[in-house]
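Worth knowing before you read on, the calculation uses all heavy atoms, side chains too, and leaves out hydrogens, waters and symmetry mates. Every value quoted in this text rests on a predicted model; they were computed, and no experiment measured them. Here, residue 1 is the first one in the sequence, and each next residue gets the next number.
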Amino acid sequence: MERARGLLDGRPVRLALGHWLDKVPPVGWWLNPSMSGGQILEQAVHVLDLARVLVGEVAMVHAVPAENTMDGEVDRATAAVLRFADGAAGLLATSCLLTRKHRVSLEVCADGIALELSETRLLVDGDRVIEDDGQAKTRVDREFIDAVQGKNADVRVPYREALRTHRLALALARSAAERRPVMLDALEGATGKAAAYGDPARLTE
């Protein structure tokens, strides 16, 4: 993510394409929307989080779910349009119809550059690959456990930023349920990209 932010410095993103195309996790509560909240809230929220960091705040969402043939269960596929506050356009596609994880990523296009970020790599302009060292997920889990236990942890995101991303996911879920666009109120103190990310000086505010 930090490499991506550096490459985008001075070049605002104008298009963002997010994907979470996966299977149903093997836990009984996940298909119950009252327990998991659905795929956008439980999984694709991480892609939304990344979009807020690299693109900025979202002003409007319009999510369209595929017809759900499983009454009372979460939507199996959703497509959504996002309009960012600074004028960028975005798309988000989610599905849990598959037998394995197929694609989890965010692609962004800015002036003269295209980036694709996944869980394991950063792809620059379709040909330059920056691989993860294979330890990212382990480190994130370790830091989370340390933080919960009250130990020193490399927490880079204040709680309020996580809450803002959660509210964005809720707006998408509401749009899908109500079959209409949802406008997001301006988030207090939020301008442009989620500036608090990665800024240790703001973690205690």
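In the hydrophobic clustering of this structure, V55 groups with M1; members are Ile, Leu, Val, Met, Phe, Trp, Tyr whose side-chain heavy atoms approach within less than 4.5 Å, directly or through other members. Criterion: ILVMFWY side-chain heavy atoms under 4.5 Å apart, direct or through other members. Under it, I40 and V45 are not part of a common hydrophobic cluster. Neither L21 nor V104 shares a network with the other; the hydrophobic side chains, linked directly or stepwise wherever heavy atoms of I, L, V, M, F, W or Y lie under 4.5 Å apart, form separate groups for each. Residue V124 is grouped with residue V13 when hydrophobic side chains (ILVMFWY) are merged at heavy-atom distances under 4.5 angstrom, including chains of intermediate members.
Considering only heavy atoms from C-beta on, K101 comes within 4.5 Å of D22 through its side chain. Counting heavy atoms from C-beta outward, L54 and L115 have side chains that stay 4.5 Å or more apart. You'll find the side chain of V64 reaches within 4.5 Å of the side chain of H62, heavy atoms only. Under the 4.5 Å side-chain criterion, counting only non-hydrogen atoms from C-beta, Q43 is in contact with W30. The shortest distance between side-chain heavy atoms of E143 and V140 does not fall below 4.5 Å. Annotation: side chain of K23 is not in contact with side chain of T99 (no heavy-atom distance under 4.5 Å). Under the 4.5 Å side-chain criterion, counting only non-hydrogen atoms from C-beta, L7 is in contact with I113. Side-chain contact between R128 and L123 is absent, with no heavy-atom pair separated by less than 4.5 Å.
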Please test V81 against L91 for side chain to side chain contact (heavy atoms under 4.5 Å, CB included), starting from the C-alpha separation and ending with a verdict.
-> CA-CA 5 Å; V81 175; L91 298 172; 3.9 Å; yes
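Side-chain polar atoms of T165 and D49 form a donor-acceptor pair below 3.5 angstrom.
Using a 4.0 Å cut-off between charged nitrogen and carboxylate oxygen, D141 and R139 do not count as a salt-bridge pair. Taking the charged nitrogens against the carboxylate oxygens, E161 and R52 do have a contact shorter than 4.0 Å, which makes a salt bridge. For D86 and R14, the salt-bridge test passes: some basic side-chain N is under 4.0 Å from an acidic carboxylate O. A salt bridge does not link R5 to D9: none of the charged side-chain nitrogens sits closer than 4.0 Å to a carboxylate oxygen.
Proximity of a side-chain donor or acceptor of D75 to a complementary backbone N or O of P65 within less than 3.5 Å is not detected. For the pair R179 (side chain) and A176 (backbone), a donor-acceptor distance under 3.5 Å is present. The main-chain N or O of S34 is found under 3.5 Å from a side-chain atom of N32 such that the two form a donor-acceptor pair.
How far CG of L170 is from CG of L184: 10.0 Å, rounded to the nearest 0.5 Å. Going from atom OG of S105 over to atom CD of E116 covers 4.5 Å, rounded to the nearest 0.5 Å.
Screening R76, Q39, M70 for a side chain to side chain contact (heavy atoms under 4.5 Å, CB included) involving L31 leaves a single residue, R76.
Between S175 and R180, the shortest heavy-atom contact is OG-O, 2.6 Å. Here the closest non-hydrogen pair linking A162 and V157 is N-CG1, 4.3 Å.
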